[in-house]
Structures are given as C-alpha cells and as structure tokens.
Number of protein chains: 2
Amino acid sequence: MTAETTQPLILEDFLPYRLNKAAEAVSQRFASIYRDRYGLTRPEWRTLATLGQFGILTATAIGAHSSMHKTKVSRAVFTLEKRRWLSRKRDDIDRRIENLELTSAGRKAYTELANVAHIFEAELLSHLGKRGENELKAGLAALEKYYNQA
Amino acid sequence: MTAETTQPLILEDFLPYRLNKAAEAVSQRFASIYRDRYGLTRPEWRTLATLGQFGILTATAIGAHSSMHKTKVSRAVFTLEKRRWLSRKRDDIDRRIENLELTSAGRKAYTELANVAHIFEAELLSHLGKRGENELKAGLAALEKYYNQA
DNA sequence: AATAGATCGTCACAATTGCAACTAAATTCA
DNA sequence: TGAATTTAGTTGCAATTGTGACGATCTATT
C-alpha cells in the first residue's frame with residue numbers, strides 16, 4: 001500500500017522528463033549536423049547508420065533494430081535509393097524480401113558520418129568528465145538491462 | 001587533428017542512440033498510462049504537469065519550460081480548456097497575455113496523475129538498484145549541467 | 001505622441017507521421 | 001494439394017506537427 005501523500009510532481013526531478021530532455025537536446029544537436037551537411041532526415045540517418053553497421057538487411061530488420069515504424073523505413077529507403085546511396089535486391093529464396101545494401105556512394109557518406117558521430121560523441125563526453133561519463137554509461141546500462149527484458 | 005581511422009559506428013554504444021532509446025522506452029510506458037486512463041496526449045500531459053507544478057503560467061512560459069512549440073501548447077491548452085481542466089484569464093496589465101490556471105477538476109486530475117507518476121518512477125528505480133539509480137541520476141546531472149549552459 | 005519594432009497567441013497551410021488496407025509471396029495444416 | 005493464415009513491403013488516407021503570416025498589444029526611440 002502506497003502512502004497517499006499527494007506530493008506535487010517536480011518535473012526537473014522526474015526521470016522520464018529528464019531523460020527526454022537530455023535525449024532531445026543531444027539528438028537535436030547531432031541532427032543539425034547531418035541535416036545541414038547532408039540534407040538527411042532522422043529516419044534516413046538511422047537507416048543509413050543501421051545499414052552501415054550491419055551490411056545487408058531487410059527493411060523489416062532495420063525497423064526492428066532502430067524501432068522505426070515500417071512505413072517510416074519504407075520511405076527512408078525510397079529516398080536513399082533515389083539518392084543512389086542504397087540498392088535493393090529481391091531475395092532469390094524468399095521473394096517477398098528485399099535485401100538492402102549501401103552503394104559505394106552510400107558507404108562513403110556513411111564513413112564520413114560515422115567519423116563525425118565519433119567526434120561528436122567524444123566532444124560531448126569531454127564535457128562530462130571521466131566521472132560523469134562512467135556514471136552516465138553505467139546508468140544507461142542499468143536501464144537497458146531492465147527494459148530489454150521486462 | 002583527429003585520427004582518420006574510419007571506425008564503423010556501433011549504434012548500441014553510441015550515446016545519442018542509447019539516450020534516445022532509453023527515453024523513448026520509458027516515455028512510452030508512462031504515456032500509455034495517461035493515455036489509457038485519461039485520454040491525454042503527450043502535449044496535454046506536459047501542459048497539465050507544468051501548470052500543476054507552477055500554478056499560473058502563460059502559454060509561452062509553458063512552452064519554454066517543457067520545450068514545446070507554441071502551436072503545440074496552444075492546441076493543448078485549447079483541448080484542456082474544452083475539458084474544463086484549465087481556465088484562461090486575460091492579463092489586466094499586459095492584454096496580449098493569458099494567465100492559465102488549472103480548474104479544480106484539472107487539479108484533481110493532476111493530483112492523481114502526479115501520484116501515478118511517482119509510483120511509476122519508484123517502480124522504475126526499483127529495477128535499477130540503488131547503485132544504478134545513483135549512477136543514472138549523476139550521469140544525467142552531468143549532462144544537464146553541460147547543455148543547460150553551452 | 002507617433003512610428004518602428006518586438007511579443008503573445010492563433011490560424012491556414014504544408015510537411016511528416018501513423019494506421020489500415022492492399023498485393024504478392026511464403027507457410028501452415030487439414 | 002489447396003485453403004487459410006502469416007509476412008514483407010507499399011500506398012491512400014487521416015491525424016499530428018511545424019512554418020509563416022496575421023491581428024492585437026506592448027515597448028523603445030525620437
């Protein structure tokens with residue numbers, strides 16, 4: 001039985017609120033980089049990054065990994081294809097499936113952006129100090145451990 | 001000069017990605033509560049929570065505090081007003097301004113939801129352990145300290 | 001006091017997103 | 001085998017969100 005204390009909610013202390021604001025702030029800064037330099041949207045960047053990391057994937061797999069709705073992925077794939085940054089190939093065994101892969105132009109962009117991402121992260125971490133970095137990573141790990149199973 | 005190593009980006013280790021996924025997962029769980037029980041959208045919940053915490057505010061102030069676009073706030077205020085959870089009053093001194101305040105029905109809903117929020121947070125924290133909790137909070141604090149000024 | 005510029009909140013319109021239906025193909029199972 | 005169900009990906013439509021322009025009001029400058 002929980003105490004019925006009617007405490008007000010202090011948003012600045014409320015974890016979902018803090019997490020959201022932090023994620024939002026960090027994401028927006030990073031997004032402005034790939035938006036300004038490459039004209040990429042968030043779904044497009046995520047698709048590029050996922051393919052860059054894993055090589056050949058289906059649209060469904062991309063969506064599952066980056067928790068994007070399948071229509072979002074479908075549209076991002078379409079745009080990247082128009083840009084000739086990725087190519088599709090129908091699977092020979094299961095012909096519902098499309099195997100997606102970055103083209104060499106796509107890999108080039110990915111490599112550049114991966115580098116930018118590493119630099120961005122390093123810059124961010126440098127402001128947290130080694131202590132803050134360890135705490136943040138450990139805290140996130142604890143959270144991930146929980147909601148990845150429960 | 002940064003080393004030109006062309007390392008691939010491991011999304012699972014990339015901080016913006018991890019922060020986003022964590023925030024997303026937590027938010028969605030909490031959102032499903034206020035959505036299912038009260039039919040509130042995210043902007044509406046945020047508006048309610050901000051007003052509940054601070055008392056009387058203008059729409060602009062709500063937007064600034066919860067980092068919502070002013071049209072989003074405008075629409076959330078409209079909906080909450082229709083629901084009779086908040087009331088507007090033109091400011092006598094500056095007549096561009098509307099002073100927004102929760103009605104008693106609004107305060108009642110807020111009180112209930114604040115309680116639910118506390119319970120939700122406690123439940124979440126209980127899964128992190130005292131160690132994980134401290135780390136997460138310290139890590140977030142470090143992050144907030146950085147991007148609140150820079 | 002009058003003009004210029006800023007601010008508050010809203011609205012029309014455009015872009016983005018999500019949902020549901022759809023086609024095509026594979027799988028299940030009677 | 002073949003009918004029913006499931007899965008992959010796309011598309012049309014509806015809901016949500018963001019952009020820019022607007023009227024009203026306030027502030028600053030002269």
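Predicted model only: the values in this text are computed from it and were never measured. Every chain is numbered from 1, with letters handed out A, B, ... down the list of sequences.
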Legend entry - Residue whose nearest DNA chain D nucleotide is more 5′ - A:Asp94 or A:Thr71: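 The residue closer to the strand's 5' end, by nearest nucleotide, is A:Asp94.
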Rounded to whole Å, how long is the line connecting atom [atom1] of [X] with atom [atom2] of [N]?
{"X": "A:Arg75", "N": "D:dG12", "atom1": "CZ", "atom2": "P", "value": "10 Å"}
{"X": "A:Ile97", "N": "D:dT10", "atom1": "CD1", "atom2": "P", "value": "13 Å"}
{"X": "A:Lys72", "N": "D:dA8", "atom1": "NZ", "atom2": "C1'", "value": "19 Å"}
{"X": "A:Asp92", "N": "C:dA25", "atom1": "CG", "atom2": "C1'", "value": "14 Å"}
{"X": "B:Met68", "N": "D:dT16", "atom1": "CE", "atom2": "P", "value": "15 Å"}
{"X": "A:Lys89", "N": "D:dA8", "atom1": "NZ", "atom2": "C1'", "value": "18 Å"}
{"X": "A:Asp91", "N": "D:dA8", "atom1": "CG", "atom2": "P", "value": "12 Å"}
{"X": "A:Asn99", "N": "D:dG9", "atom1": "CG", "atom2": "C1'", "value": "13 Å"}

Inset, instruction - Check whether the side chain of B:Arg90 and the base of C:dG9 form a donor-acceptor pair under 3.5 Å. - result: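 Side chain to base: no pair below 3.5 Å.
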Inset, instruction - Using a heavy-atom cut-off of under 4.0 Å over every strand shown, decide if B:Ile93 touches base, sugar-phosphate, or nothing. - result: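 The residue B:Ile93 makes sugar-phosphate contact but no base contact.
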Inset, instruction - Describe the nucleic acid contact of A:Thr58 in one word from base, sugar-phosphate, nothing, applying a heavy-atom distance below 4.0 Å. - result: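 It contacts sugar-phosphate atoms only.
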Inset, instruction - Answer whether the closest heavy-atom distance between the side chains of A:Asn20 and B:Arg42 falls below 4.5 Å. - result: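 In short, these two side chains touch, coming nearer than 4.5 Å.
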Legend entry - A:Arg88 atom CZ, neighbour heavy-atom count above 12 within 6.0 Å: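 Above 12, so yes.
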Inset, instruction - Check each of A:Tyr110, A:Phe30, A:Trp85, A:Tyr38 against A:Trp45 using the ring-ring contact (aromatic ring centres under 6.0 Å, His included) test, and report the only one that passes. - result: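 The residue from A:Tyr110, A:Phe30, A:Trp85, A:Tyr38 that satisfies ring-ring contact (aromatic ring centres under 6.0 Å, His included) with A:Trp45 turns out to be A:Phe30.
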Inset, instruction - Find out whether the Lys NZ or Arg CZ of B:Arg37 is both under 6.0 angstrom from the six-membered ring centre of B:Phe120 and within 45° of the ring's axis. - result: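 Verdict for B:Phe120: no cation-pi partner in B:Arg37.
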Inset, instruction - Would you please classify the geometry between the B:Tyr146 ring and the A:His127 ring as parallel, tilted or perpendicular, with 30° and 60° separating the classes? - result: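 If you compare the ring of A:His127 with that of B:Tyr146, the planes turn out parallel.
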Inset, instruction - Between A:Arg42 and A:Arg95, just flag the one whose closest nucleotide in DNA chain C comes earlier from the 5' side. - result: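 With A:Arg42 and A:Arg95 compared, the 5'-side residue is A:Arg42.
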Inset, instruction - Nearest-nucleotide wise, let me know which of A:Arg96 and A:Pro43 is further upstream toward the 5' end of DNA chain C. - result: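 The residue closer to the strand's 5' end, by nearest nucleotide, is A:Pro43.
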Inset, instruction - Among D:dT19, C:dG9, D:dG9, find the nucleotide with the atom closest to the side chain of B:Thr60. - result: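 Side chain of B:Thr60 sits closest to C:dG9.
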